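Scroll down for the structure; my scribbles are underneath it.
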Amino acid sequence: MKKMGQLATSINTSSAALNLGEGVTGILVKEDEPDDVDEVSFAYMSLNDDINIIENRETLAQFPRFVTVPKEAFEQAVRWNISEPFAAMLRFTNLAKDELNSTILGNEVLAVEMGANICNLKSKVSIHFVNVTYEGNASCQSWNGEGSRPNWTADGCFTIQNGDSITCECTHLTFFAILLTPLNETISSYDLNNLTIITQIGCSLSLFFICIILFMHFLLRRTKASTATRILIHLVLAMFMLNLTFLINHHVATLKSSVGCVIMAAVMHYFMLATFSWFAVKAFHLCLQLYMGGRIVISHYILKVSIISWVLPSVPVIVLLIKGKYGEQVIYTNDPEQNVALCWITDSDAHYIVNIGYYALVFLFTFTTFVIILSWLICLKRTESGNSQTGTSGTSILTILGLCSMLGITWGFAFFAYGALLIPSYYIFTVLNSFQGFFLFIYYYKTSNVGDTNADSSGVTDSNSTLDTLDARVNPYDDPKKKF
């Protein structure tokens, strides 16, 4: 592209067809009198046809593909002291894929070069694709040509869709392409903005309450924590790191550092899988307590489950790192200017196999445990119906919310994020998971307080607060010799 100026001065004709190798064709036109130029248009019928220079705008209607360069672009070129003003258009059909493996309409990448940095045009460069068939949402994107692989951006380009026609209007000259995103992978800018606000507020609150839990545990109750409580603290630690990495993820993505984004994506992915693992461990512990009557006599129990839950998630993360599956992922909206970049898994197949597949197994186990525990609570509550209790409805609701958060049941709404349920499930999923830290804090505070009270009582524990240990007659902080 940078040698186009030299090529323009070397040819003796006013225009020349270009063939720069396999999959790269184009045309160059010189304008000896740029002041007399109104605009220059390039058009072609198909990828196999030559590119034509069109002087009559009415003739453009015959072509399904055409690019128009305005007079203002030539005026800028003159101000850059270009000795022989020219305009060249190149057509690429074999350009390398970007890191996101984006789908390009017709596999056509167009580039317009005039030997100068043409930008901030008021009269925009227009690229027209007429009578095109495509699936998904179209977005006009550009790339400045730097790097070995394209880094597409919507900055400076506007997308106009009218039936089966797409028009791109851009304020600069560079490489252009129309990127397509599947319909089920897009969201309106309005909904995305709302979900972003909910997530930021919810995650911030979750971090705040998680910090309180950790403060209470490490500084006040660590020496009295039961096995069930220490497992809960491991889950809280994993969730703390997941919320923290999620909050800073977008800021790392905006730095445009490929290495930093890969590291950010891998770290967040690891803590998400670790959180899933601790959901399963917590469910396993509840089932084991219920089966063994609250007395678990497995040697080095916490050490064994910790090794499994902290080491196992690193295996798929290392594999995806080796395969190069982490990088910048773009959340597309109906307004290209509102698209959001995140550091995440760039391969959708890897995402579904690793994340959805892994959580599906965890969900089946934890949801089954949830049903068993809920049934146990109902039966226990009936047996205690003779006791005088007040405010049990609100307490029961908080207990169930805490149990759902502790077992990761709320993540199950991700399975319904399809079709008509896509947007509603996004809102439900975002709200519930953003406030997991708050629900866990309420649950932790309630069970720990009840446990401390019962340490000096006759030993009858309210059925709504004994989920932490499932030992309805034992203080959850009854093992002072064990430490976290």
Side-chain angles (χ1 to χ4, degrees), residues 226-229 231-232 234-236 238-239 272-296 298 301 305 308-309 355-385 387 389 392-418 421 424-425 428-444 446-447 450-451 461-474 476:
S226 66
T227 299
T229 301
I231 291 176
L232 180 61
H234 277 283
L235 171 61
V236 168
M239 197 173 294
M272 188 186 76
L273 295 180
T275 301
F276 291 167
S277 299
W278 282 107
F279 286 153
V281 169
K282 190 62 180 176
F284 170 77
H285 181 73
L286 290 174
C287 288
L288 195 60
Q289 281 190 304
L290 186 61
Y291 177 75
M292 302 183 68
R295 297 296 181 180
I296 300 176
I298 301 176
Y301 177 61
V305 296
I308 294 174
S309 299
N355 296 337
I356 303 300
Y358 188 76
Y359 178 71
L361 296 176
V362 172
F363 178 80
L364 288 175
F365 180 55
T366 56
F367 185 74
T368 302
T369 303
F370 174 76
V371 173
I372 294 173
I373 300 302
L374 203 58
S375 301
W376 178 85
L377 278 176
I378 294 173
C379 292
L380 185 61
K381 193 174 184 67
R382 288 174 179 174
T383 62
E384 297 175 348
S385 59
N387 296 336
Q389 299 182 23
T392 56
S393 297
T395 303
S396 298
I397 293 174
L398 288 176
T399 300
I400 293 174
L401 288 174
L403 184 60
C404 288
S405 299
M406 189 171 61
L407 299 181
I409 304 298
T410 55
W411 287 73
F413 283 99
F415 292 125
F416 302 100
Y418 300 97
L421 296 176
S425 64
I428 298 173
F429 176 84
T430 301
V431 170
L432 292 180
N433 285 286
S434 294
F435 291 92
Q436 269 189 321
F438 173 72
F439 295 146
L440 286 176
F441 167 74
I442 297 297
Y443 181 84
Y444 175 85
K446 182 178 183 302
T447 55
V450 170
T461 304
D462 188 328
S463 64
N464 288 314
S465 58
T466 137
L467 294 176
D468 195 33
T469 61
L470 282 186
D471 185 358
R473 304 295 180 267
V474 179

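Along the sequence shown, residues are numbered consecutively beginning with 1. Quick caveat, the model's predicted, so the values are computed rather than measured.
Note on ring orientation: taking the six-membered ring where Trp is involved, the planes of Phe367 and Phe363 are parallel (angle under 30°, cut-offs 30° and 60°). Trp411 and Phe429 have perpendicular rings, their planes meeting at more than 60° on a 0 to 90° scale where under 30° would count as parallel.
Taking OH from Tyr359 and CG from Leu364, the interatomic distance works out to 9.5 Å, rounded to the nearest 0.5 Å. Leu286 contributes atom CG, which lies 10.5 Å from atom CD1 of Ile372 (distance to the nearest 0.5 angstrom). Separating the OG1 atom in Thr410 from the CZ atom in Phe279 is a distance of 6.5 Å, to the nearest 0.5 Å.
Judged by distance alone, the side chains of Ser277 and Tyr358 do bring a donor and an acceptor atom under 3.5 Å apart.
Using a 4.5 Å heavy-atom threshold, the side chains of Phe441 and Val236 count as separate. For the pair Val281 and Ile308, the minimum side-chain heavy-atom distance is 4.5 Å or more. Contact of the Leu288 side chain with the Ile298 side chain is registered, since non-hydrogen atoms from C-beta on lie closer than 4.5 Å. Looking at Asn355 and Leu273, their side chains come closer than 4.5 Å, going by heavy atoms from C-beta outward. Between Phe370 and Thr366 there is no side-chain heavy-atom pair separated by less than 4.5 Å. Between His285 and Tyr301, some side-chain heavy-atom pair lies under the 4.5 Å cut-off.
Of all non-hydrogen atoms in Ala228 and Lys282, the two that sit nearest each other are O-NZ, 2.9 Å. Here the shortest heavy-atom pairing between Phe365 and Ala283 reads CE2-CB, 3.7 Å. Taking both residues in full, the closest heavy atoms of Gln436 and Gly408 are given as NE2-CA, 4.3 Å, listed atom of the first, atom of the second, then distance.
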